[in-house]
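Report on one structure; see the data block that follows.
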There are 2 protein chains.
Amino acid sequence: MMEKQLNLSKNQKIIFDLIDKSSEPMKAYSILFNVQKKGIKAPLQVYRALDKLVEIGKIHKIESRNAFIACQNSSCQISKTTAFSICESCEKVTEIKDNKLAKYLTNFSDNTGMNYKKYNLEFFGLCKKCKRK
Amino acid sequence: MMEKQLNLSKNQKIIFDLIDKSSEPMKAYSILFNVQKKGIKAPLQVYRALDKLVEIGKIHKIESRNAFIACQNSSCQISKTTAFSICESCEKVTEIKDNKLAKYLTNFSDNTGMNYKKYNLEFFGLCKKCKRK
DNA sequence: TTTAATATTGTTATAATATAACATTATGTA
DNA sequence: TACATAATGTTATATTATAACAATATTAAA
Ligand SMILES: [Zn+2]
Ligand SMILES: [Zn+2]
Ligand SMILES: [Zn+2]
Ligand SMILES: [Zn+2]
């Protein structure tokens, strides 16, 4: 879909491209190692780019893994509502796109009077492959 | 409800009691600082107790905050299905007990063929107090 | 097009979070 | 008792993330 990518700065683009190509979530220091040949030498350069990319919704942080994946769902750029499926065996992570789920959670309200515009949901289990083993 | 507490080891009990009394999620090194007078001197002693307490469901980790709170919902001890409400202003965290939500998420299945016995959901927003300001 | 505001980068140092490895002690159970 | 398992103690180290400050680039008014 390519929205916003044109606006990415040099470091942001380098780091987004790396994460986007990766088949698995990437950790900050693994990103750092992989972009050193491109001139990004310090953790802070990585974390700053990650912060920005998360902010604009191009990537998401998998909180339980301290790792980052590219958004596979264009709507997250606006909504800040994220859901992931995580295999506890092979660590494969997939972003869940499910309108019904999103609607259900977006409309959720509890008895505390809080209302939520933002959530993060992580499901854990075994993926198809790992279930067979 | 007090289940299982009798089985806690010395360090586990010290650390659980501290977290249970706290009105807010506690971070590992803050816990360490608070239990040093009781003879727990090393990070690893804290982390081992935390791991065990999480495993048996007496406490939960708030992944987005790297902090721990006591379970306020006896059923989590079995289910490993957790949901929290987090105020982004004052950082107040509440465990959500909502049978309908739990049922909905427990029964959720996507098109990948995965099935989930475990999830963690974190809602973000402003609590009643902070909304008024 | 100068000017000012804002965003991004570069760099060094350090803080905060978490685990490895190994030795010892306690607890539960046959 | 004797064995297995769980918990503890201790030192060192790995991993994740931010503070502080200086410089440069980009954007949008004036
Ligand atoms: Zn997304
Ligand atoms: Zn798998
Ligand atoms: Zn609970
Ligand atoms: Zn609040």
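So you know, we letter chains A, B, ... as the sequences are listed, proteins then strands, and number each from 1.
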In whole Å, I'd like the distance from the [atom1] atom of [X] to the [atom2] atom of [N].
{"X": "R48(B)", "N": "dG9(D)", "atom1": "CZ", "atom2": "P", "value": "9 Å"}
{"X": "L44(B)", "N": "dA20(C)", "atom1": "CG", "atom2": "P", "value": "9 Å"}
{"X": "I14(A)", "N": "dT8(C)", "atom1": "CD1", "atom2": "P", "value": "14 Å"}
{"X": "E63(A)", "N": "dT17(C)", "atom1": "CD", "atom2": "P", "value": "14 Å"}
{"X": "I62(A)", "N": "dT16(D)", "atom1": "CD1", "atom2": "P", "value": "15 Å"}
{"X": "L8(B)", "N": "dA6(D)", "atom1": "CG", "atom2": "C1'", "value": "13 Å"}
{"X": "D51(B)", "N": "dA6(D)", "atom1": "CG", "atom2": "P", "value": "14 Å"}
{"X": "K13(B)", "N": "dT8(D)", "atom1": "NZ", "atom2": "C1'", "value": "18 Å"}

Problem set entry | Y119(B) versus T82(B), side-chain donor and acceptor atoms under 3.5 Å | no
Exercise. Judged by modelled atom types alone, do Y116(A) and S109(A) share a side-chain donor-acceptor pair under 3.5 Å?
Worked result: no
Problem set entry | Within 6.0 angstrom of K131(B) NZ, more than 12 heavy atoms from elsewhere | yes
Exercise. Does atom CG of N99(A) have more than 12 heavy-atom neighbours from other groups under 6.0 Å away?
Worked result: no
For [N], does OP1 or OP2 lie under 4.0 Å from any side-chain N or O of [X]?
{"X": "K27(B)", "N": "dA16(C)", "result": "no"}
{"X": "Q45(B)", "N": "dT10(D)", "result": "no"}
{"X": "Y47(B)", "N": "dA18(C)", "result": "yes"}
{"X": "S9(A)", "N": "dT26(D)", "result": "no"}

For this session: Nearest-nucleotide wise, let me know which of N11(B) and R65(A) is further upstream toward the 5' end of DNA chain D.
Result: N11(B)
For this session: Using heavy atoms to find the nearest nucleotide of DNA chain D for Y29(A) and Y29(B) separately, return the residue whose nucleotide is more 5′.
Result: Y29(B)
Are any side-chain N or O atoms of [X] and backbone N or O atoms of [Y], one a donor and one an acceptor, separated by less than 3.5 Å?
{"X": "Q12(A)", "Y": "S9(A)", "value": "yes"}
{"X": "E122(A)", "Y": "E63(A)", "value": "yes"}
{"X": "N107(B)", "Y": "K103(B)", "value": "yes"}

Seminar exercise, completed: Whichever of K10(A) and N66(B) has the more 5' nearest nucleotide on DNA chain C, that residue is K10(A)
Exercise. Does a salt bridge link D17(B) with K13(B), judged by any charged N lying under 4.0 Å from a carboxylate O?
Worked result: yes
Problem set entry | Member of L8(A), I40(A), V46(A) meeting the side-chain contact (heavy atoms from CB on, under 4.5 Å) criterion with I14(A) | I40(A)
Exercise. For the helix from dT1(C)-dA30(D) to dA30(C)-dT1(D), what is the angle between the axes at its two ends, each from 5 pairs, rounded to 10°?
Worked result: 40°
Exercise. Going by number, which of residues 33-42 of chain B have a non-hydrogen atom under 4.0 Å from DNA chain D?
Worked result: K41(B), A42(B)
Problem set entry | Identified side-chain hydrogen bond (donor to acceptor under 3.5 Å, both in side chains) partner of H60(A) from the options K80(A), E95(A), Q72(A) | E95(A)
